[in-house]
Amino acid sequence: MSIILASQSPRRRELLAQMGVPQFEVVPALGEEIASPGLSPAQLVEVLSRQKAEEVAVQAGPDDVVIAADTVVAVDGAVLGKPRDPADAARMLSLLSGRAHTVYTGVTVRRGTFSRTAHEATQVRFRPLTQSEISAYIATGEPMDKAGAYGIQGLGGLLVAGIQGDYHNVVGLPVCRLGRMLLDFGVDCLALAGR
């Protein structure tokens with residue numbers, strides 16, 4: 001049995017390693033993500049994580065465990081993915097300034113034809129930001145590959161006044177929920193870490 005992470009995110013790789021999984025393959029899902037309009041943020045991340053797991057599972061062996069995830073930020077009913085360019089990042093950060101938003105991560109675990117999908121939601125509150133702070137943060141380049149245009153584990157942590165829920169979910173992988181899901185597939189992270 002191999003464990004396969006269907007993501008090229010270095011943050012998800014780090015979190016999976018922190019969970020006690022010593023060895024895993026990285027096989028990013030490369031297909032176009034397709035979701036029906038009108039889905040809630042929770043439904044959206046579940047659908048997209050399921051698509052990624054299904055794509056990578058085709059290349060996996062029947063006993064391999066595939067883990068896929070998708071993260072979005074939602075505020076006022078709008079879903080914020082990764083910014084297209086610096087102007088889009090500025091728009092997102094201005095929207096989040098001084099307000100609360102929700103980070104949703106959908107996660108799918110698949111082995112053979114058996115799969116489970118769930119999501120985690122974490123409330124994040126930004127402090128009020130000035131336009132010069134937004135510009136300075138964008139100039140670091142950090143916002144450009146992150147949902148909602150910020151990374152809580154990096155310089156983006158300077159923007160966050162508080163969170164309610166799973167911190168790791170905001171980074172991109174709901175560690176506690178995923179650990180419980182993996183038990184259903186015969187993967188005990190604590191036992192692996194103790195070897």
Side-chain angles (χ1 to χ4, degrees), residues 5-18 26 28-49 51-52 68-107 118-178:
L5 178 62
S7 173
Q8 59 190 358
S9 164
R11 295 162 297 280
R12 289 188 179 126
R13 286 196 298 261
E14 289 168 10
L15 289 173
L16 191 57
Q18 286 176 20
V26 175
L30 302 173
E32 184 179 345
E33 299 170 354
I34 302 167
S36 303
L39 295 177
S40 70
Q43 293 168 323
L44 175 66
V45 292
E46 287 192 4
V47 165
L48 296 179
S49 74
Q51 287 176 8
K52 291 176 181 180
D70 193 83
T71 302
V72 299
V73 169
V75 61
D76 291 341
V79 172
L80 308 179
K82 296 176 183 177
R84 294 181 303 277
D85 53 37
D88 195 33
R91 177 190 66 81
M92 290 183 188
L93 292 166
S94 295
L95 183 63
L96 299 176
S97 174
R99 309 181 57 201
H101 60 274
T102 306
V103 178
Y104 293 88
T105 300
V107 64
H119 74 274
E120 191 71 42
T122 304
Q123 302 283 355
V124 180
R125 187 171 36 86
F126 266 28
R127 65 177 177 79
L129 308 175
T130 66
Q131 286 305 310
S132 63
E133 287 174 319
I134 290 172
S135 296
Y137 181 51
I138 292 169
T140 69
E142 186 178 274
M144 300 316 298
D145 69 338
K146 295 169 181 64
Y150 75 96
I152 194 171
Q153 73 284 355
L155 293 169
L158 295 168
L159 315 178
V160 175
I163 72 167
Q164 193 170 20
D166 182 352
Y167 165 84
H168 297 105
N169 183 56
V170 183
V171 178
L173 199 62
V175 168
C176 182
R177 182 174 296 279
L178 176 58

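Computed from a prediction, not measured in an experiment: that's the story for all the values here.
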task: Give the intermediate values and the outcome of side-chain hydrogen bond (donor to acceptor under 3.5 Å, both in side chains) for residues Thr71 and Arg11.
output: CA-CA 12 Å; Thr71 302; Arg11 295 162 297 280; over 6 Å; no
- prompt: Say you draw a straight line from CD of Glu46 to CD of Gln51; how long is it, rounded to the nearest 0.5 Å?
  reply: 12.5 Å
query: Which heavy-atom pair separates Ser49 from Ala68 by the least distance, and what is that distance?
result: O-CB, 3.4 Å
task: Please report the C-alpha distance between Leu96 and Val73 in whole Å, then the side-chain angles of each, then the deciding distance to 0.1 Å, and finally whether the side-chain contact (heavy atoms from CB on, under 4.5 Å) criterion is met.
output: CA-CA 10 Å; Leu96 299 176; Val73 169; 4.2 Å; yes
task: For residues Pro41 and Ala74, report the shortest heavy-atom separation together with the two atoms involved.
output: CG-CB, 3.7 Å
message: As an exercise, state the distance from NZ of Lys82 to CG of Asp88, rounded to the nearest 0.5 Å.
response: 13.5 Å
Ile163 and Arg125, any side-chain heavy atoms less than 4.5 Å apart: no
query: Are any of the side-chain heavy atoms of Tyr167 and Gln153 separated by less than 4.5 Å?
result: yes
task: Identify the heavy atoms of Pro128 and Glu133 that sit nearest to each other, and give their distance.
output: O-OE1, 4.0 Å
Backbone of Gly156 reached by a side-chain donor or acceptor of Glu142 within 3.5 Å: yes
- prompt: Is there a side-chain contact between Leu5 and Arg12, using heavy atoms and a 4.5 Å cut-off?
  reply: yes
message: If you apply the rule side-chain contact (heavy atoms from CB on, under 4.5 Å), what do you find for Val175 with Gln18, and how did you get there?
response: CA-CA 9 Å; Val175 168; Gln18 286 176 20; over 6 Å; no
- request: Quick one: closest heavy-atom pair of Gly81 and Met92, and the distance?
  value: O-CE, 3.5 Å
field: Separation of Ser9 OG from Asp145 CG (nearest 0.5 Å)
entry: 8.0 Å
query: Roughly how far, to the nearest 0.5 Å, is CD of Gln131 from CG of Leu93?
result: 9.5 Å
message: Tyr104 and side-chain contact (heavy atoms from CB on, under 4.5 Å): which single residue from Thr122, Val79, Val45 fits?
response: Val45
- request: Would you give the length of the straight line joining atom CG of Asn169 to atom CG of Leu178, rounded to the nearest 0.5 angstrom?
  value: 11.0 Å
- prompt: Could you walk me through whether Tyr150 and Val103 pass the side-chain contact (heavy atoms from CB on, under 4.5 Å) check?
  reply: CA-CA 11 Å; Tyr150 75 96; Val103 178; 3.6 Å; yes
- prompt: Sub-3.5 Å donor-acceptor pair from the side chain of Thr105 to the main-chain atoms of Pro174, do we have one?
  reply: no
- prompt: Less than 4.5 Å apart, any side-chain heavy atom of Lys146 and any of Pro83?
  reply: no
- prompt: Does the Asp85 side chain pair with the main chain of Ala87, one donor and one acceptor, at a distance under 3.5 Å?
  reply: yes
field: Distance-minimising heavy-atom pair for Pro143 and Tyr137
entry: CG-CE2, 3.4 Å
Val124 side chain near His101 side chain, heavy-atom distance below 4.5 Å: yes
- prompt: Do NZ/NE/NH1/NH2 and the carboxylate oxygens of Asp70 and Lys52 come within less than 4.0 Å?
  reply: yes
Heavy-atom check, side chain of Val72 versus side chain of Leu48, under 4.5 Å: no
message: To the nearest 0.5 Å, what is the distance between CD on Glu14 and NE2 on His168?
response: 10.5 Å
query: Are the side chains of Arg91 and Leu80 in touch, meaning some heavy atoms are under 4.5 Å apart?
result: yes
- line: Closest non-hydrogen contact found for Leu16 with Leu173 is N-CD2, 4.2 Å
message: Counting only heavy atoms not in Gln8 (residues, nucleotides, ligands), do more than 12 fall under 6.0 Å from its CD?
response: no
